[in-house]
Amino acid sequence: MSVNPRLLTNQVIKSAAPSSLPLLSLHRLLRRRRLSSLSSHLSLLRRAASHHIPNPHEIHALLLTGGHLSASPAALTSLISLYSKLSSPADALSVFHSSPTPPNLFAWNAAISALSSNSLPADALCLFRRLRSDPSVHLIPDGFTFPCIIRSLSDLGHAGEIRKIHALLFKSGLDSDVFASSAMVNAYLKMGFPEFSVQVFDEMPERDVVLWNSMVNGFAQMGRFPNAKEYFNRMMKAGFAPSGFTVTGILSVFTSMADLNGGRRIHAFALKIGYNSDAAIPNSLIDLYGKCHATDDAREIFDSMPVRDLFSWNSIISAFEHSGDHTEALEIFGEMLRAGVRPDSITMAAVLPACSQAAALAHGREAHAFLLRHGITGDVFAGNALVDMYAKCGSLKAARLVFDEMPDRDRASWNIMIDAYASHGRGEDALDLFAAMNLPPDEITLLGVLSACSHAGMVQAGMMIFEQMEETTTLTAEHYLCAVDMVSRAGMLEKAAEMAAKAERACGAKGWRAYIAACKERGEMERAVEAAGRVVGMEPEGSGAWVMAANAYGWAGKYKEVEDLRGEMWRQGVRKVPGCSWVEVGGRGVQTFVTGERRHPQSEAIYDVLCGLAGRISGC
DNA sequence: ATAGGGTTAG
């Protein structure tokens with residue numbers, strides 16, 4: 001069949017559904033024909049960018065040999081933009097620099113954009129400074145330049161520079177430009193200056209969807225959820241149709257707040273808009289349902305997706321992992337591999353904990369080998385997950401080996417390794433590592449160190465560290481608990497009581513409970529009873545303290561006090577709610593039961609089996 | 001011809 005190339009080209013260019021024409025034809029065309037008209041070239045370039053044609057160099061060569069790059073500044077700009085969209089900033093820059101005539105503002109902007117949108121903010125700024133200060137360049141940055149520069153400065157965290165650019169925007173008459181302003185709003189929120197964002201937003205005479213989204217999503221990302229919701233509601237009231245970006249942004253708010261119902265409302269909303277073309281929306285829905293332990297809903301979304309990107313796969317694996325279904329997480333990981341999707345470090349960071357939780361060392365080793373094969377070795381997240389996996393699977397040596405070989409370590413790396421030593425009772429090693437740590441410790445580090453001392457019985461060292469911490473860090477209830485626990489276990493009951501009293505403000509009666517348990521352990525019933533009285537006074541509404549106190553009296557043989565306490569509990573309306581469990585038996589409904597009950601018609605048989613099991617457990 | 005916003009992880 002013979003095909004008229006010109007007709008085919010026009011078809012490519014005009015085609016409403018770009019994917020309807022195979023890439024191969026486009027490629028073949030490029031190879032066979034010298035396209036005569038420039039507009040065809042440019043349209044091809046645009047199509048190429050949206051189709052991810054693997055070899056832009058071919059197009060580059062065609063433009064070059066056709067003499068278009070020197071004849072047409074527009075072709076030059078398009079080529080820079082093409083390389084930028086294909087994530088080749090170096091190529092984009094070399095086209096810019098190879099311009100035979102001094103580049104115009106279009107070319108400058110395209111080059112700056114190529115750098116800023118490909119994570120090279122410092123280089124983007126460098127080019128911007130040349131644009132402004134090179135005496136041979138007589139161009140003035142415009143509304144296309146500023147958004148890129150604002151984003152670059154924000155990426156670098158240069159707050160002071162952002163203020164200067166903001167002033168420059170006013171001077172340039174661009175203070176009402178929605179593009180520059182949404183970049184500004186975004187930058188201010190990312191850098192922690194919400195009041196400046198609000199100011200920029202309030203002073204805009206006209207707003208568009210992106211500007212609204214910047215407020216909603218910016219607040220969402222800095223964890224100011226009520227503000228994000230506020231702007232979302234205002235946006236709706238103002239009659240703006242939300243875009244896919246709005247949906248994912250506001251969904252992340254409900255996900256972080258674990259607000260399943262709120263999330264479902266947005267889901268319904270997203271269905272109304274129709275989100276077939278945007279994978280990010282189902283991805284964040286999977287995330288929502290995963291975090292809210294609604295894995296069936298997550299799975300349903302996943303199954304109905306026409307196209308699954310890496311995010312999608314990662315989201316569903318994390319969803320099951322988060323809900324504690326490690327087997328299913330590993331199962332889907334296998335499915336992903338069979339589908340030919342290449343996992344990244346995020347996938348592995350989600351899969352490795354599944355191996356650790358299942359204490360599946362064999363699987364974990366496989367995952368490690370997989371990481372090595374796929375060259376995912378330098379990633380901090382994956383490395384951390386790997387260290388944690390080996391530690392949780394009991395292989396402390398392997399954990400330390402991986403830790404030592406990590407090219408970059410963040411605070412979490414150190415925390416995980418210290419924790420690993422702590423949970424294996426290796427106090428000395430934990431302290432050595434703590435001493436070698438070249439990053440400032442955080443609360444988690446200190447908790448790890450403290451628990452290491454506690455588990456290894458290193459009370460002196462632990463106390464010293466704890467006292468230092470009290471002066472320098474804001475301690476949480478967990479720290480106090482850990483410290484009380486440490487001192488109590490060591491039998492230093494006097495000291496433990498002193499600390500439990502000090503910890504009251506941070507963790508209420510919990511410190512006393514650890515103390516009471518230690519007193520019982522050492523037969524110091526008087527102490528236990530005394531503390532129990534105090535505990536009851538502290539949490540009169542909860543039943544936990546009463547039970548603790550009743551137990552303490554019981555141990556001390558003070559049965560009259562036990563009775564009095566029970567009576568008092570009753571009068572005050574405190575009820576001990578028994579822990580309840582349930583089982584679903586062969587489709588005949590759910591049966592609930594509490595400890596020791598004999599209401600079930602087959603009670604006797606059930607307890608027989610139970611005794612048999614208990615016997616077998618103690619037998620081995 | 002060139003520009004701004006979102007989703008996955010310990």
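Per chain, numbering begins at 1; letters A, B, ... match sequence-line order. Excluded from the calculations below are hydrogen atoms, water molecules and symmetry mates; all remaining heavy atoms, backbone and side chain alike, are included.
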Mind calculating the distance between CE (A/M184) and P (B/dG4) to the nearest angstrom? 15 Å

Tell me what A/I346 touches on the nucleic acid: a base, only sugar-phosphate, or nothing, going by heavy atoms under 4.0 Å. base

Taking the six-membered ring of A/F240, is NZ or CZ of A/R207 closer than 6.0 Å to its centre and within 45° of its axis? no

Going by modelled atom types, is there a donor-acceptor pair between the base of B/dA1 and the side chain of A/S78 at under 3.5 Å? no

Taking the side chain as everything from C-beta on, heavy atoms only, tell me whether A/F370 gets closer than 4.5 Å to A/R365. no

Whether A/F311 stacks on the six-membered ring of B/dT7 base, 5.5 Å and 30° limits: yes

Going by modelled atom types, is there a donor-acceptor pair between the base of B/dG10 and the side chain of A/N415 at under 3.5 Å? no

NA contact type, A/Q221, heavy-atom cut-off 4.0 Å: base, sugar-phosphate, or nothing? sugar-phosphate

Scan A/D344 against the nucleic acid and name what it touches under 4.0 Å (heavy atoms): base, sugar-phosphate only, or nothing. nothing

If we ignore angles and hydrogens, is there a donor and acceptor under 3.5 Å between the side chains of A/S284 and A/D287? no

Among residues 239-258 of chain A, which contact DNA chain B at a heavy-atom distance under 4.0 Å? A/S243, A/G244, A/F245, A/T248

Between B/dG4, B/dG6, B/dT8, which one does the side chain of A/P147 approach most closely? B/dG4

Counting heavy atoms from C-beta on, name the nucleotide in B/dT7, B/dG4, B/dG6 closest to the side chain of A/N217. B/dG6

To the nearest angstrom, how far is A/L285 atom CG from B/dG6 atom P? 18 Å

Ignoring backbone atoms, establish whether A/K85 has a side-chain N or O less than 4.0 Å from OP1 or OP2 of B/dA1. no

Closest listed nucleotide, where the reference is the side chain of A/P73 and the choices are B/dT2, B/dG10, B/dA1: B/dA1

Starting from C1' on B/dT7, measure out to NZ on A/K291 and report it in whole angstrom. 10 Å

Is A/S113 close enough to B/dA3 that one of its side-chain N or O atoms is under 4.0 Å from OP1 or OP2 there? yes

Which one, B/dA3, B/dG6, B/dT2, comes nearest to the side chain of A/A280? B/dG6

Answer yes or no for this row: A/F106 ring on B/dT2 base, centroids under 5.5 Å, planes under 30°. no

Is there side-chain contact between A/V341 and A/T347, with heavy atoms separated by less than 4.5 Å? no

Whole angstrom is fine here: how far is it from CG in A/N283 over to C1' in B/dA9? 14 Å

Students often get this wrong, so: under 4.0 angstrom with heavy atoms, is A/N104 touching a base, only sugar-phosphate, or nothing? base

Return the orientation label for the A/Y390 and A/H368 ring planes: parallel under 30°, perpendicular over 60°, tilted otherwise. perpendicular

Between atom OH in A/Y83 and atom P in B/dA1, what is the gap in whole Å? 20 Å

When you measure from the side chain of A/D287, which nucleotide among B/dA9, B/dT2, B/dG10 comes out closest? B/dA9

Minimal non-hydrogen separation, A/L439 against A/D410, with atom names: CD1-C, 3.6 Å

If you take the centroid of each ring, where Trp contributes its six-membered ring, are A/W212 and A/F232 closer together than 6.0 Å? no

Checking contacts here: which listed nucleotide (B/dT2, B/dT8, B/dG4) is nearest the side-chain heavy atoms of A/F144? B/dT2

Base, sugar-phosphate alone, or nothing: which one does A/D208 contact when heavy atoms must sit under 4.0 Å apart? base

Within 45° of the axis and under 6.0 Å from the centre of the six-membered ring of A/F196, does NZ or CZ of A/R163 qualify? yes

Parallel, tilted or perpendicular: which one describes the rings of A/F96 and A/W108, with boundaries at 30° and 60°? perpendicular

A/L82 CG to B/dT2 P, straight-line distance once rounded to whole Å: 11 Å

Between P on B/dA1 and CG on A/N109, what's the gap in Å once rounded to a whole number? 15 Å

Between C1' of B/dT8 and CG of A/N314, the distance in whole Å: 5 Å

So what does A/V178 touch, heavy atoms closer than 4.0 Å: a base, only the sugar-phosphate, or nothing? base

